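Structure first, then comments.
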Amino acid sequence: MKRLLHPLSLTTLEDYTDPSFSAAVIDWQKQHGRHTLPWQNTRNAYLVWLSEIMLQQTQVSAVLGYYARFLERFPTLRDLAAAPVEDVMAQWSGLGYYTRARNLHKCAQQVVAQYDGVFPADPALLAELPGIGRSTAAAIAAFSSGTRAAIMDGNVKRVFARVFGIDAFPGEKKVEQDMWRRAEALLPATGIEAYTQGLMDLGATVCTRSSPACGRCPLQARCVAYATGRTKDLPVRKPKKTSPEKHAVMLVVIDQGQVLLELRPGTGIWGGLLSLPELDGHVLHNTGSVLPAIDQQALTRAVAPFGEIESVETLLPIVHVFTHYKLHIVPCRITLAHRNLLAGEAGFVWLDSDKLADAALPAPVKKLLLDLCGDSQAVQRSMF
DNA sequence: CTCCGGTGGA
DNA sequence: TCCACCGGAG
């Protein structure tokens with residue numbers, strides 16, 4: 001029978017069901033998974049919950065010691081709920097993400113107050129409690145009451161991205177939704193504990209981010225990434241956040257074969273180098289593609305010590321990328337009517353343009369000036 | 001150094 | 001939808 005097509009949708013309604021997937025994971029988990037972690041082999045929801053919260057963003061090896069000490073100090077949910085939050089924080093100290101500890105304490109008090117100290121089995125109810133999201137709720141429900149529910153943590157995302165060749169960033173909503181749909185469809189009819197633990201163990205010990213042990217993977221035969229040699233490229237990494245953008249209006253004053261330069265402060269960007277004088281008040285943050293309007297009065301004031309402006313020409317911006325931000329250099333070319341030959345200003349120098357190549361200038365500034373002076377000389381030559 | 005990640009809040 | 005929270009790993 002042909003695949004159903006939703007009448008109003010451009011895409012097919014995929015059916016991701018495949019019992020052989022969970023069978024492979026469960027079988028592997030029973031033979032090669034982890035079975036003796038301190039929070040395993042129990043259905044005590046307090047023990048399970050505590051472990052799942054500690055394991056958020058945190059590896060097993062880091063959790064082990066904290067888990068043991070925490071339970072020594074707070075053996076039961078009621079002990080935890082009754083304790084001062086400061087004691088909880090103290091036990092958590094060093095584990096990181098301290099909101100987890102505050103939420104843990106709040107959650108304990110809430111479970112005592114709302115549920116008489118008994119965690120609900122329904123993942124939807126668990127997910128309403130502080131610090132428990134959809135994935136953690138599913139894990140707690142699966143391990144503490146055998147409830148069929150899908151987890152979706154970093155391990156699962158990595159395994160799914162590779163096995164199914166999902167070639168898009170999992171942080172995108174539709175990609176994550178698709179993964180959740182797969183996760184729900186692939187749940188086993190029985191054996192949710194071994195399956196859930198198996199996915200976690202697989203991601204943590206075999207399908208690792210770098211150099212996965214594909215030779216030991218029970219899903220190798222069905223893994224798209226393995227088959228196509230793309231384990232290195234999947235899952236698709238988070239697109240690097242666009243670095244902040246700044247603008248700097250740089251004054252290009254060329255007169256009588258000399259360029260006006262300013263010595264930069266010893267510290268900070270381009271510390272101690274010569275550079276073009278910058279117009280104050282024009283370094284704008286996150287302005288995107290919008291160019292700063294140039295303040296003519298500020299311009300006149302800035303140039304005044306060196307002469308009288310005859311004309312101003314804004315040149316095409318140059319983009320310079322640093323590790324932590326992007327600088328748009330807006331060159332502002334100024335022609336002087338009269339050059340002030342007296343004193344000048346401290347920290348400023350007139351440099352012969354034929355010495356630019358050897359001057360201590362930032363690379364983008366040197367390139368800009370060499371281009372400009374080259375051009376202007378060419379233009380001057382052509383005029384004769 | 002950079003990258004990674006569940007949850008919750010902006 | 002974006003990002004802070006933190007510590008560990010590469």
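Just so it is clear, the structure is predicted and the values come from calculations on it, not from any experiment. For the numbers below, each heavy atom of this structure counts, side chains included, while hydrogens, waters and symmetry mates do not. Just so it is clear: chains get the letters A, B, ... in the order the sequence lines come, proteins before strands, and each one is counted from 1.
Residue A:L129 is classed as a sugar-phosphate contact, given heavy-atom separations below 4.0 Å to backbone atoms only. Looking at heavy-atom distances under 4.0 Å, A:K157 makes no contact with the nucleic acid at all. Contacts of A:R237 with the nucleic acid, taken as non-hydrogen atoms under 4.0 Å apart, involve only primed sugar atoms and P, OP1 or OP2. Using a 4.0 Å heavy-atom distance criterion, A:T99 is classed as making no nucleic acid contact.
Across the protein-nucleic acid pair, A:N103 atom CG and C:dC5 atom P stand 15 Å apart, rounded to whole Å. Protein atom CG of A:L126 is 18 Å distant from nucleotide atom P of B:dG6, rounded to whole Å. If you take CD1 of A:I53 and P of B:dG5, they are 18 Å apart, rounded to a whole angstrom. Counting to the nearest Å, the C1' atom of B:dG5 and the CZ atom of A:F169 are 10 Å from each other. Remark: P of B:dC4 and CG of A:N155 are 14 Å apart, rounded to the nearest angstrom.
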Exercise. Could you walk me through whether A:W92 and A:L104 pass the side-chain contact (heavy atoms from CB on, under 4.5 Å) test, one step at a time?
Key: CA-CA 10 Å; A:W92 204 271; A:L104 191 83; 3.8 Å; yes
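Between A:D15 and A:R181 there is no salt bridge, since no side-chain N of the basic residue sits under 4.0 Å from a carboxylate O of the acidic one.
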Could you go over nucleotides 7-10 of chain C and give all protein N or O partners under 3.5 Å, atom names and distances?
| from | atom 1 | to | atom 2 | distance (Å) |
| --- | --- | --- | --- | --- |
| C:dG7 | OP1 | A:Y98 | OH | 2.8 |

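Between C:dT1, B:dC4, B:dT7, one nucleotide has an atom nearer to the side chain of A:S135 than all others, and that is B:dT7.
With sequence neighbours excluded, the residues that form a side-chain hydrogen bond (donor to acceptor under 3.5 Å, both in side chains) with A:Q40 are A:Q197.
Seen from the ring of A:F160, A:R182 does not count as a face-on cation partner, given the 6.0 Å and 45° thresholds.
Residues A:R102 and A:M89 meet the side-chain proximity criterion, which asks for heavy atoms closer than 4.5 Å.
For the side chain to side chain donor-acceptor pair (under 3.5 Å) condition, the pairs that include at least one residue of residues 82-91 of chain A, sequence neighbours left out, are A:R73-A:D87.
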